[in-house]
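By convention here, the first residue in the shown sequence is residue 1. Just so it is clear, the structure is predicted and the values come from calculations on it, not from any experiment.
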Amino acid sequence: MSGDGSPRPLPPGMALALDPATRRIDGGTVLVGGTPLRLMRLTAAGARLVDRLAAGEPVPPAPTAQRLARRLRDAGMAQPRFGAVARRLDPTDVAAVIPVRDRAAGLCRTLDRLGDAGQVVVVDDGSTDPAAVRAAAERAGGHVRLVRHDSSRGPAAARNTGWRVSTAPVIAFVDADVEPEPGWLQTLVMHLSDPAVGAVAPRVAPLATLETPPWLAAYEEARSPLDLGGAEAIVRPGSRVPYVPTAALLVRRDALAAAGGFDEAMPHGEDVDLVWRLVAAGSTVRYEPGAVVRHPVRPALRAWLRQRYDYGSSAAPLAVRHRGAVAPLTVSGWSAAAWGLVAAGAPAAGVALGAASTAALAPKLASLRHPWREAVRLAGLGNLYAGRQVADALRRAWFPLAVPLALRRRSRPALAAALVVPALVEHIERRPRLDLVRWSGLRLADDLAYGAGLWAGSLAARTTAALRPAFSGRFPPPDGSDPSTSPGSPDRSGRRAHPGRPGPR
């Protein structure tokens, strides 16, 4: 926001492209998309502006055009394009902060591929062989500053030490075993041309090593929790990219300082916590898959399961700090009731309730040209997606419920479907280099390890916050009108689109 409370103008020359998932209906006067899903009715002027944006024109400087463009971007309905934007920052304005503990070889690879960062700070977090870490830092050249903790204080403290001894306006947090691809910094820094953007993250692709079993490498290639996909997005709870890890993350120094840095009391999940605090403070966080870094896959099954367990253990502390952001399941009350009936062994009643929800939605869409068609599409697909979420929650967060469900004969088909169907659907969608049996086994092991960590973390924190479902609001949302005729900041409320995967990466 600007000093007078109005939205900050987009940088001159910036353009927008409608997100591929955004649909224009009713002759282009209505947009459907974003996360959480919303319906936006456009004025005639707003529709003409969207036409111009679709043709690649920069956003006009007029306040009404700026408001609509910012609203589309912040809703996830459109994505930024920087082709004609004057660069305000470049990689020399970036200080790379690399925490490390006893991974000197990985540190060498990271430093070799880091790029043109203006400053580099390596923080040795109590390595047992500090000489090896020092040698790796010295090998990279005199521009690398080495700071040491005499004893390990954890990654949050190491990152805080690193950014506070640097002086650059932008901090790039990079893990010591990450291998950035060429041009990653240039691609990310461009997003900071927009003064509203406080942080931006690249795509973190899996990197198989010689020690990684081929079957585990194939699974991670298709389903790594670090790899958030190839679609750019705004990052916040409720978005299709609800978090980003600090395996690699660029953050403005002033936004980082205002947030107080990382919470050093969190052994896991401190990266997600920081991102969500930045969002809550009003910063925009972006996910940019056009920039890629590679992160090694765990070398053995035991270490891989431990990683998933640690991810799960972070959910409870995050849920306490960020209410509603870590719910294992976020659905409408209609969908929850319908799938509850299916789980209870009454599928016909569940289908009937799903049909009733479609009928209830149609009158709310009466202003559209085809309200029933849109109601069937939105409610029908919503109920199907909710079923997938219910199955995921049952395998991950609520797996203890599987025992009583298995004892009820009428519930066994629904339980079997929850265990088998999602893995089958994902195998078809993602086409991993892995047969269905091993894929399904690893998928179940992944879920159970995360769930065990979730329950352990919840018991340790004495809270059920990360185990309770959340219920979404009504559709269309109350902010569904064209803002080009009335000022106002975008709605930042939302629910998690991908439940059950917060945590350090």
Side-chain angles (χ1 to χ4, degrees), residues 19-23 25 31-39 75-77 222-223 225 228-231 233-234 236-243 324-343 347 349-362 364-365 372-398 414-430 443 446-447 468-477 480 493-502:
D19 188 86
T22 299
R23 294 186 296 121
I25 62 175
L31 299 178
V32 182
T35 49
L37 185 68
R38 67 194 66 204
L39 182 149
M77 288 181 163
R223 205 175 185 273
L228 301 175
I234 193 166
R236 61 169 176 245
S239 170
R240 67 171 172 244
V241 179
Y243 65 87
V326 195
L329 172 66
T330 302
V331 293
S332 70
W334 286 95
S335 294
W339 286 105
L341 288 170
V342 172
V351 171
L353 188 57
S357 70
T358 302
L361 177 59
K364 298 180 180 181
L365 306 178
W372 278 97
R373 185 169 67 189
E374 285 301 317
V376 169
R377 178 167 187 161
L378 294 171
L381 292 178
N383 283 328
L384 288 175
Y385 181 66
R388 197 165 175 174
Q389 284 190 294
V390 169
D392 285 344
L394 185 60
R395 289 191 320 277
R396 294 167 71 84
W398 302 335
L415 176 61
L419 294 175
V420 174
V421 172
L424 175 60
V425 171
E426 280 194 350
H427 194 269
I428 295 171
E429 290 175 342
R430 306 190 183 199
R443 177 81 159 76
D446 187 341
D447 289 338
R468 298 194 300 266
F471 298 100
S472 57
R474 68 183 189 272
F475 184 92
S493 65
R495 300 294 186 182
R496 283 177 54 83
H498 299 281
R501 286 171 53 182

Closest contact, heavy atoms only, [X] versus [Y]:
{"X": "Pro328", "Y": "Arg468", "value": "CD-O, 3.2 Å"}
{"X": "Leu329", "Y": "Ala393", "value": "CB-CB, 4.1 Å"}
{"X": "Pro225", "Y": "Leu228", "value": "O-CD2, 3.7 Å"}
{"X": "Gly382", "Y": "Ser335", "value": "O-OG, 4.4 Å"}
{"X": "Ser357", "Y": "Asn383", "value": "OG-ND2, 3.3 Å"}
{"X": "Ala338", "Y": "Leu353", "value": "N-CD2, 3.5 Å"}

Roughly how far, to the nearest 0.5 Å, is [atom2] of [Y] from [atom1] of [X]?
{"X": "Leu361", "Y": "Glu374", "atom1": "CG", "atom2": "CD", "result": "9.5 Å"}
{"X": "Ile234", "Y": "Met77", "atom1": "CD1", "atom2": "CE", "result": "12.5 Å"}
{"X": "Leu384", "Y": "Trp339", "atom1": "CG", "atom2": "CH2", "result": "6.5 Å"}
{"X": "Asp19", "Y": "Arg240", "atom1": "CG", "atom2": "CZ", "result": "4.0 Å"}
{"X": "Trp372", "Y": "Leu365", "atom1": "CH2", "atom2": "CG", "result": "10.0 Å"}
{"X": "Thr358", "Y": "Arg377", "atom1": "OG1", "atom2": "CZ", "result": "14.0 Å"}

Please determine if Asp446 and Arg395 form a salt bridge, counting it only when a charged side-chain N lies under 4.0 Å from a carboxylate O.
->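 Judged by the 4.0 Å cut-off on N to carboxylate O distance, Asp446 and Arg395 do not form a salt bridge.
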Salt bridge or not for Arg443 and Asp447, using N-O below 4.0 Å?
->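 Judged by the 4.0 Å cut-off on N to carboxylate O distance, Arg443 and Asp447 do form a salt bridge.
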Heavy-atom check, side chain of Val331 versus side chain of Pro469, under 4.5 Å | no
